[in-house]
There are 2 protein chains.
Amino acid sequence: MQSQNISDIIEKYLKSILADSEHVEIRRSEIAELFNVVPSQINYVIKTRFTIQNGYLVESKRGGGGYIRIEKVNLVDDADVLDTLIQVIGDSITQRDAYAVVQSLYEDEVLSHREAQLILVATDHNTLGVTDRDVESSLRARIIIGILNHLRYES
Amino acid sequence: MQSQNISDIIEKYLKSILADSEHVEIRRSEIAELFNVVPSQINYVIKTRFTIQNGYLVESKRGGGGYIRIEKVNLVDDADVLDTLIQVIGDSITQRDAYAVVQSLYEDEVLSHREAQLILVATDHNTLGVTDRDVESSLRARIIIGILNHLRYES
DNA sequence: ATAATAAAAGTCAATATTAGTCAAAGATAA
DNA sequence: TTATCTTTGACTAATATTGACTTTTATTAT
């Protein structure tokens with residue numbers, strides 16, 4: 001029932017590999033062929049689901065023997081994770097990216113499950129209930145950055 | 001005999017599925033077609049009959065492979081306390097009163113110390129950064145109510 | 001070495017496929 | 001009668017899919 005679209009299925013496939021190994025290295029055309037999609041759809045999947053907000057680093061090379069390599073990074077290992085995240089967020093963040101950020105913090109055990117849920121509820125589109133998209137996004141950024149700053153201060 | 005408008009019938013249909021499984025996942029257009037109504041009527045049914053107050057969580061996704069998913073959740077023991085708080089807050093709350101609410105939830109062990117702090121940061125005057133006091137207070141009310149509603153059930 | 005060719009991946013915009021919003025019109029109940 | 005609830009549909013927004021074109025890198029031929 002769940003995951004009716006191919007992008008979700010490709011995402012799961014890549015993440016299932018990442019569950020075992022530190023990184024996954026693919027040939028774009030092979031994966032595209034495996035799932036019967038055009039090659040550029042692989043870029044779409046990566047761009048929407050393997051961002052730094054999601055805790056992934058991506059590197060690639062073109063030409064003969066080219067590849068795309070996806071690596072799961074642990075934000076906590078980095079001393080100034082929170083600073084990095086704050087920079088990435090800037091003064092505006094979509095609900096989707098906010099979800100990715102909070103999810104990453106949960107995976108890195110910076111936040112408990114409940115804390116993560118509370119933050120997502122607090123920054124949810126329906127919760128905020130403002131009509132203007134830009135206002136909503138900047139408000140969401142302020143709340144998340146406020147919390148991140150608090151977390152830094154705390155530790 | 002109760003009137004059986006289409007919205008009621010669709011409601012019963014969805015709830016009959018939820019009687020067996022934990023959740024139901026639909027394609028909006030399919031259900032609309034099944035009952036011969038316009039798609040947006042499904043939104044109406046959900047909005048009026050599957051609210052969080054009634055113990056339902058709804059999530060959805062647009063685009064290819066999109067869906068609407070309804071989940072029945074278990075209410076916690078203090079749900080009625082939370083309901084009362086939600087009523088009292090209404091559509092506006094000052095930072096001072098918000099502090100009192102959060103403080104009492106902490107004392108009642110509904111919230112951990114860290115969770116309480118997160119909520120206070122999220123609803124802080126400086127965090128929200130809106131100039132208009134009324135806007136600030138109603139925003140704070142929305143955030144806290146959103147969180148209280150989340151606390152009503154166990155995920 | 002250099003130039004031409006091949007073999008990758010990247011970009012971007014058009015199109016397709018969903019769901020969401022909102023307000024007007026219609027129906028029903030108090 | 002009047003207020004509330006239901007139904008409808010036009011418009012909006014989000015997400016996914018596709019393909020033409022570009023860029024980068026490696027390999028081969030001269």
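Naming convention: chains lettered A, B, ... in sequence-line order (proteins, then strands); numbering from 1 in each chain.
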Please give, in whole Å, the distance from [N] [atom2] to [X] [atom1]?
{"X": "A/K47", "N": "C/dT11", "atom1": "NZ", "atom2": "P", "answer": "7 Å"}
{"X": "B/E25", "N": "C/dT18", "atom1": "CD", "atom2": "P", "answer": "13 Å"}
{"X": "A/N126", "N": "C/dC22", "atom1": "CG", "atom2": "P", "answer": "10 Å"}
{"X": "B/I46", "N": "C/dT21", "atom1": "CD1", "atom2": "P", "answer": "11 Å"}
{"X": "A/N43", "N": "C/dC12", "atom1": "CG", "atom2": "C1'", "answer": "11 Å"}
{"X": "A/Q41", "N": "C/dA9", "atom1": "CD", "atom2": "P", "answer": "15 Å"}
{"X": "A/I6", "N": "C/dT17", "atom1": "CD1", "atom2": "P", "answer": "13 Å"}
{"X": "B/Q4", "N": "C/dA27", "atom1": "CD", "atom2": "C1'", "answer": "16 Å"}

Which part of the nucleic acid, if any, lies within reach of B/R49 when heavy atoms closer than 4.0 Å are counted: base, sugar-phosphate only, or nothing?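 Counting heavy atoms under 4.0 Å across all strands, the contact made by B/R49 is with sugar-phosphate only.
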
Base, sugar-phosphate alone, or nothing: which one does A/I42 contact when heavy atoms must sit under 4.0 Å apart?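 A/I42: no heavy atom of the nucleic acid under 4.0 Å.
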
Is a donor-acceptor contact shorter than 3.5 angstrom present between the side chain of A/R28 and the base of C/dG10?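 Result: at least one qualifying N/O pair found.
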
Answer yes or no: is there an ion pair linking B/K72 with B/E22, defined by an N-O contact shorter than 4.0 Å?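 No, B/K72 and B/E22 are not salt-bridged.
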
Ionic contact status for A/D8 with B/K61, cut-off 4.0 Å: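 Yes, this pair counts.
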
Taking B/S60's backbone N and O only, do any of them form a donor-acceptor pair with B/R69's side chain (distance below 3.5 Å, no angle check)?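 No; judged by distance alone, with no hydrogens or angles, the pair does not exist.
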
Which residue lies toward the 5' end of DNA chain D, A/R96 or B/V37, if each is placed at its nearest nucleotide?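 With A/R96 and B/V37 compared, the 5'-side residue is B/V37.
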
Quick one: on DNA chain D, does A/Y44 or A/K61 contact a more 5' nucleotide (nearest heavy atom)?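 Result: A/Y44.
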
State plainly whether one hydrophobic cluster holds both [X] and [Y], where clusters connect Ile, Leu, Val, Met, Phe, Trp and Tyr through side-chain heavy atoms under 4.5 angstrom apart.
{"X": "B/L118", "Y": "B/L85", "answer": "yes"}
{"X": "B/I147", "Y": "B/Y153", "answer": "no"}
{"X": "B/I52", "Y": "B/I119", "answer": "no"}

5' priority, DNA chain C, between A/S40 and B/G63 [closest heavy atom]: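 Result: A/S40.
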
Mapping A/S29 and B/E30 to their closest nucleotides on DNA chain C, which lands nearer the 5' end?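 First, find each residue's nearest nucleotide; the 5'-ward one identifies A/S29.
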
Does C/dA8 have its OP1 or OP2 closer than 4.0 Å to a side-chain nitrogen or oxygen of A/R27?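 Yes, within the criterion.
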
Side-chain N,O (A/S60) to OP1/OP2 (C/dA8) below 4.0 Å: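 It does not, given that no N or O in the side chain of A/S60 lies less than 4.0 Å from OP1 or OP2 of C/dA8.
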
For chain B and DNA chain D, what are the first and last nucleotides along the strand, 5' to 3', with at least one atom under 4.0 angstrom from a heavy atom of the protein chain?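 Going 5' to 3' along DNA chain D, contacts run D/dC5 to D/dA16.
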
ILVMFWY cluster membership beyond B/I70 - transitive side-chain contacts under 4.5 angstrom: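 B/I6, B/I9, B/I10, B/Y13, B/L14, B/I17, B/L18, B/V24, B/I26, B/I31, B/L34, B/F35, B/V37, B/I42, B/V45, B/I46, B/F50, B/Y56, B/V58, B/I68, which link up through side-chain heavy atoms under 4.5 Å apart, make up the rest of the cluster.
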
